[in-house]
> 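Dropping the structure in here first, questions after.
As the structure lists them, so they are numbered: ligands from 1, and atoms in each ligand from 1.
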Amino acid sequence: MAEIRIEKTAHPKEKPDSGNLSFGKYFTDHMFVMNYEKDKGWFDPRIVPFAPFEISPAAMVLHYAPEVFEGLKAYRRPDGSVQLFRPQENIARMNRSAERMCLPQIDPELFMEALLALVRTDSDWVPAGEDTTLYIRPFLFATDPKLGVHAPSMCTFAIILSPVGPYFPEGVNPVKIFIEKEDVRAVRGGTGFAKCGGNYAGSLRAGERAEANGFAQVLWLDGVHMKYIEEVGAMNVMFKINGKVVTPDISGGTVLPGITRKSCIEVLKDWGYEVEEREISVDELVEAAESGALEEAWGVGTAAVVSPMGVLAYKDVEHVINDNKIGPLTQRLYDELTGIQWGKIPDTRGWIVKVC
Ligand SMILES: *Cc1c(COP(=O)(O)O)cnc(C)c1O
């Protein structure tokens, strides 16, 4: 395996004020890059100053969109050291996403080495403020300078880093959700399980419409029947109904297999909750909301960790959940996961990887 070459910047940037970070706006001094050509494999893994790429206007990604990405975070512990949360899961998922898009696999060991080396190089950029993190964005895209429609034979893999503030600067409060009845995010046999840019491109319109009408996110229904709940925005979704936790099952390939989702299920089971991974129809959900059986509803994902839903709007009716307040189980999950991630409570499950 090739050594990672490190070329440090001669012009370190000024760091942004850590009390004033928004999401994905500032980038650190360095990035990881390596290239792929079909007959050479991956080559020249390197950490270099953060700078624009040069690609052909014919580059395949600009026309046919073979691109996949990941999102994870580096957390600063109270003792000042830095750690990652389940990065092996992101590495494995990126390779599954890549397989769907005919993009090449990345050796998991090299991927992990690249993550650790890059975060160590820019470790001064891991913010220390309350609920702040260094967001890590690995991504892989096809660069073949050809308009023919074929599986890619040239690619770039890169990792960039962005210091980010709390997802909810005003604190974790319930959000209003619009149940989308027109656009769909994924279909059976499609790319729903892959973390690919194309899924996001197709979801922007519904998100914009919902936002213009005063909603924070859309709740996606399945693309075949427009009946079963899939995800909320770019998060997985969980409901507490009559004391049990219910979440859409991911075996159909249309729901993104979230690492936060998986972690929440493990934690909930450890706490003795029954967790059902199954189809849940919008009618069942609305009925549960009307009868009061729906006790709590929340989204889960790396960016916000856990995000309570206060209002669900379906067919012009707004259903209020738990008096539009964060529920006790939602709060407990938030505290448990963020506690482990920031190193404030012990990691008993082997989820933490120390960086420096
Ligand atoms: C990334 C993502 C999630 C959440 O996954 P995590 O691994 O928990 O961050 C959920 N849905 C979609 C569409 C996503 O892209």
> Name the closest protein heavy atom to atom 9 (O) of ligand 1, giving the residue it belongs to and the distance to 0.1 Å.
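Sorting protein heavy atoms by distance from atom 9 (O) of ligand 1 puts Thr302 OG1, 2.6 Å first.
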
> So, is the end of the Arg76 side chain (NZ or CZ) under 6.0 Å from the ring centre of Trp342 and within 45° of the ring's axis?
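Geometry flag: not set, cation outside 6.0 Å or 45°.
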
> Just jot down the ligand 1 atoms closer than 4.0 angstrom to any heavy atom of Tyr200, in number order.
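Those of ligand 1 that fall under 4.0 Å from Tyr200 are 14 (C), 15 (O).
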
> Quick check for you: to the nearest 0.5 Å, what is the distance between Gln341 atom CD and Arg77 atom CZ?
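Gln341 atom CD to Arg77 atom CZ measures 12.5 Å (nearest 0.5 Å).
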
> Rounded to the nearest 0.5 Å, what separation is found between the OG1 atom of Thr191 and the CE atom of Met101?
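Going from the OG1 atom of Thr191 to the CE atom of Met101 covers 4.5 Å.
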
> Please determine if Arg261 has a nitrogen or oxygen closer than 3.5 Å to a nitrogen or oxygen of ligand 1.
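No; every N/O pair is 3.5 Å or more apart.
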
> For ligand 1, is Gly71 a contact, meaning one of its heavy atoms is under 4.0 Å away?
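It does not, in that no heavy atom of Gly71 comes within the 4.0 Å cut-off of ligand 1.
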
> When you look for heavy atoms under 4.0 Å from ligand 1, do you find them on the side chain of Glu89, its backbone, both, or neither?
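No part of Glu89 comes within reach of ligand 1.
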
> Test Phe53 against Phe141 for ring-ring contact (aromatic ring centres under 6.0 Å, His included), laying out the working first.
CA-CA 12 Å; Phe53 294 123; Phe141 57 95; 5.6 Å; yes

> Would Val175 and Val237 show up in the same hydrophobic cluster when neighbours are defined by side-chain heavy atoms closer than 4.5 Å?
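Same cluster: Val175 reaches Val237 through Ile, Leu, Val, Met, Phe, Trp or Tyr contacts under 4.5 Å.
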
> What about Phe178 and Tyr314, are their ring centers closer than 6.0 Å?
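That pair fails the under 6.0 Å test.
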
> Within the structure, is a non-hydrogen atom of Arg93 found at a distance of less than 4.0 Å from ligand 1?
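Judged by the 4.0 Å heavy-atom criterion, Arg93 does count as contacting ligand 1.
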
> Using the six-membered ring of Tyr135, assess whether NZ or CZ of Lys73 lies under 6.0 Å from its centre and within 45 degrees of the ring axis.
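No cation-pi geometry.
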
> Would you mind checking which non-hydrogen protein atom is closest to atom 5 (O) of ligand 1, with the distance to 0.1 Å?
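Its nearest protein heavy-atom neighbour is Gly258 CA, 3.4 Å.
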
> Please write down residue, atom name and distance for the protein heavy atom closest to atom 10 (C) of ligand 1.
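For atom 10 (C) of ligand 1, the nearest protein heavy atom is Ala234 O, 3.2 Å.
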
> Could you tell me if Asp249 and Ser251 have a donor-acceptor pair between their side chains, going purely by distance under 3.5 Å?
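Yes.
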
> Would one find an N or O of Ile259, backbone or side chain, under 3.5 Å from an N or O of ligand 1?
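By distance alone, the answer is yes.
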
> What atoms of ligand 1 come within less than 4.0 Å of a heavy atom belonging to Arg185?
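It comes down to these atoms of ligand 1: 13 (C).
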
> To which protein heavy atom is atom 8 (O) of ligand 1 closest, and what is the distance rounded to 0.1 Å?
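Here the nearest protein heavy atom works out to Thr260 OG1, 2.6 Å.
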
> What do you reckon, does Glu231 have a nitrogen or oxygen under 3.5 Å from a nitrogen or oxygen of ligand 1?
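Indeed, backbone or side chain, Glu231 has an N or O that close.
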
> Can you tell me the protein heavy atom closest to atom 1 (C) of ligand 1 and the distance?
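The closest heavy atom on the protein side is Lys195 NZ, 1.4 Å.
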
> If the threshold is 4.0 Å, N to carboxylate O, is there a salt bridge linking Arg93 and Glu70?
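Glu70 and Arg93: salt-bridged.
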
